[in-house]
K.L.:
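A single structure is presented below for examination.
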Amino acid sequence: QVQLVESGGGLVQPGGSLRLFCAASGRTFSSYVMGWFRQAPGKEREFVAAISGSGSVRTITDSVKGRFTISRDNAVNTVSLQMNSLKPEDTAIYYCAAGKWGVSSRDYDYWGQGTQVTVSS
């Protein structure tokens with residue numbers, strides 16, 4: 001069982017930056033692929049980024065490539081999403097998830113409660 005708690009969301013102006021954090025419980029954190037997804041109002045949840053258990057493999061969706069970076073620290077059971085050059089279309093609830101490698105929400109078994117990111121002037 002893994003419990004996930006996100007933090008770091010908020011209101012930011014276009015072009016600004018935010019760093020999201022996800023704290024995980026449990027002693028098997030490094031065995032899980034960690035992912036970030038987001039869901040905008042009226043839209044389906046979409047994949048943003050994933051990182052392997054060791055942190056050696058990462059993937060990120062094209063719409064945020066070059067602006068977002070996923071990383072993890074297995075010593076303190078956290079995964080983060082650094083978001084730069086934010087755009088209004090990045091506005092969404094961002095979710096942290098733990099599971100196996102994949103870009104579908106079905107690949108992930110555990111989910112956080114989400115953190116709101118709003119990009120607006």
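Quick caveat: nothing in here was measured; it's all calculated off a predicted structure.
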K.L.:
Same cluster or not: are Leu18 and Val64 linked, directly or through other Ile, Leu, Val, Met, Phe, Trp or Tyr residues, by side-chain heavy atoms under 4.5 angstrom apart?
P.N.:
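Yes, Leu18 connects to Val64 through the hydrophobic network.
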K.L.:
Nearest heavy-atom pair of Ala92 and Ala40: which atoms, and what distance?
P.N.:
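Where Ala92 meets Ala40 most closely, the heavy atoms are CB-N, 3.8 Å.
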K.L.:
Which pairs pass ring pair (Phe, Tyr, Trp, His ring centres under 6.0 Å) with one or both residues in residues 47-66, sequence neighbours excluded?
P.N.:
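Sorted result for residues 47-66: Phe37-Phe47.
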K.L.:
I'd like to check Arg38 versus Val117 (side-chain heavy atoms, cut-off strictly below 4.5 Å). Are they in contact?
P.N.:
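Arg38 vs Val117: side chains apart.
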K.L.:
Could you tell me whether the side chain of Thr78 and the main chain of Ala23 form a donor-acceptor pair under 3.5 Å?
P.N.:
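Not a single qualifying donor-acceptor pair exists.
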K.L.:
With distance as the sole test, does Glu6 use its side chain to make a donor-acceptor pair with the main-chain N or O of Gln113 at under 3.5 Å?
P.N.:
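Flag set: sc Glu6 to bb Gln113 pair under 3.5 Å.
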K.L.:
Looking at every non-hydrogen atom in both residues, tell me the closest pair between Lys65 and Ile60 and how far apart they are.
P.N.:
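Shortest heavy-atom separation between Lys65 and Ile60 comes out as CE-O, 3.5 Å.
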K.L.:
Going by heavy atoms in the side chains, are Gln116 and Thr91 under 4.5 Å from each other?
P.N.:
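Yes, side chains in contact.
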K.L.:
Can you give me the closest heavy-atom contact between Val79 and Cys96, atom names plus distance?
P.N.:
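Val79 and Cys96 have their closest heavy atoms at CG1-SG, 3.8 Å.
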K.L.:
Tell me the disulfide bond (SG atoms under 2.5 Å apart) pairs involving residues 27-66, sequence neighbours left out?
P.N.:
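Sorted pair list comes back empty.
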K.L.:
Evaluate the side-chain proximity of Trp111 to Arg45: yes if any heavy-atom separation is below 4.5 Å, no if none is.
P.N.:
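They are in side-chain contact.
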K.L.:
How long is the straight-line distance from OG1 of Thr118 back to CG of Asp90, given to the nearest 0.5 Å?
P.N.:
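So the gap between those two atoms works out to 11.0 Å.
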K.L.:
Which distance, rounded to the nearest 0.5 Å, do you find between the OG of Ser80 and the CG of Leu20?
P.N.:
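The OG atom of Ser80 sits 8.5 Å away from the CG atom of Leu20.
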K.L.:
With sequence neighbours excluded, what pairs up with Gln82 under the side-chain contact (heavy atoms from CB on, under 4.5 Å) test?
P.N.:
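Partners of Gln82 under the side-chain contact (heavy atoms from CB on, under 4.5 Å) test: Ser17, Arg19, Thr69, Asn84.
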K.L.:
Rounded to the nearest 0.5 Å, what's the gap from CD on Gln1 to CD on Gln3? Could you check?
P.N.:
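Reported to 0.5 Å precision, the distance equals 6.5 Å.
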K.L.:
What are the two closest non-hydrogen atoms of Leu86 and Val12, and how far apart are they?
P.N.:
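Where Leu86 meets Val12 most closely, the heavy atoms are CD1-CG1, 3.5 Å.
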K.L.:
Residues sharing Val76's hydrophobic cluster, by side-chain heavy-atom contacts under 4.5 Å among ILVMFWY, directly or via others?
P.N.:
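Members besides Val76: none; it forms no cluster.
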K.L.:
Which pair of non-hydrogen atoms, one from Leu4 and one from Met34, has the smallest distance, and what is that distance?
P.N.:
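Looks like CD2-CE, 3.9 Å.
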K.L.:
Using a 3.5 Å distance criterion without hydrogens, assess whether the side chain of Arg72 forms a donor-acceptor pair with backbone atoms of Val33.
P.N.:
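Pair absent, no side-chain N/O of Arg72 close to backbone of Val33.
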K.L.:
For a quick test of reading the model, state the closest non-hydrogen atom pair linking Ala50 to Tyr108 and the distance between them.
P.N.:
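Closest pair (atom of Ala50, atom of Tyr108, distance): CB-OH, 3.5 Å.
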K.L.:
Any ring pair (Phe, Tyr, Trp, His ring centres under 6.0 Å) pairs touching residues 53-102, not counting sequence neighbours?
P.N.:
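Output for this query is empty, none listed.
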K.L.:
Nearest 0.5 Å please: distance from the SG atom of Cys22 over to the CG atom of Leu81.
P.N.:
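Going from SG on Cys22 over to CG on Leu81, the span is 10.5 Å.
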K.L.:
Name all pairs fulfilling the ring pair (Phe, Tyr, Trp, His ring centres under 6.0 Å) condition that reach into residues 2-34, sequence neighbours left out, sorted by first residue then second.
P.N.:
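Every ring pair (Phe, Tyr, Trp, His ring centres under 6.0 Å) pair that includes a residue of residues 2-34, provided the two are not neighbours, is Tyr32-Tyr110.
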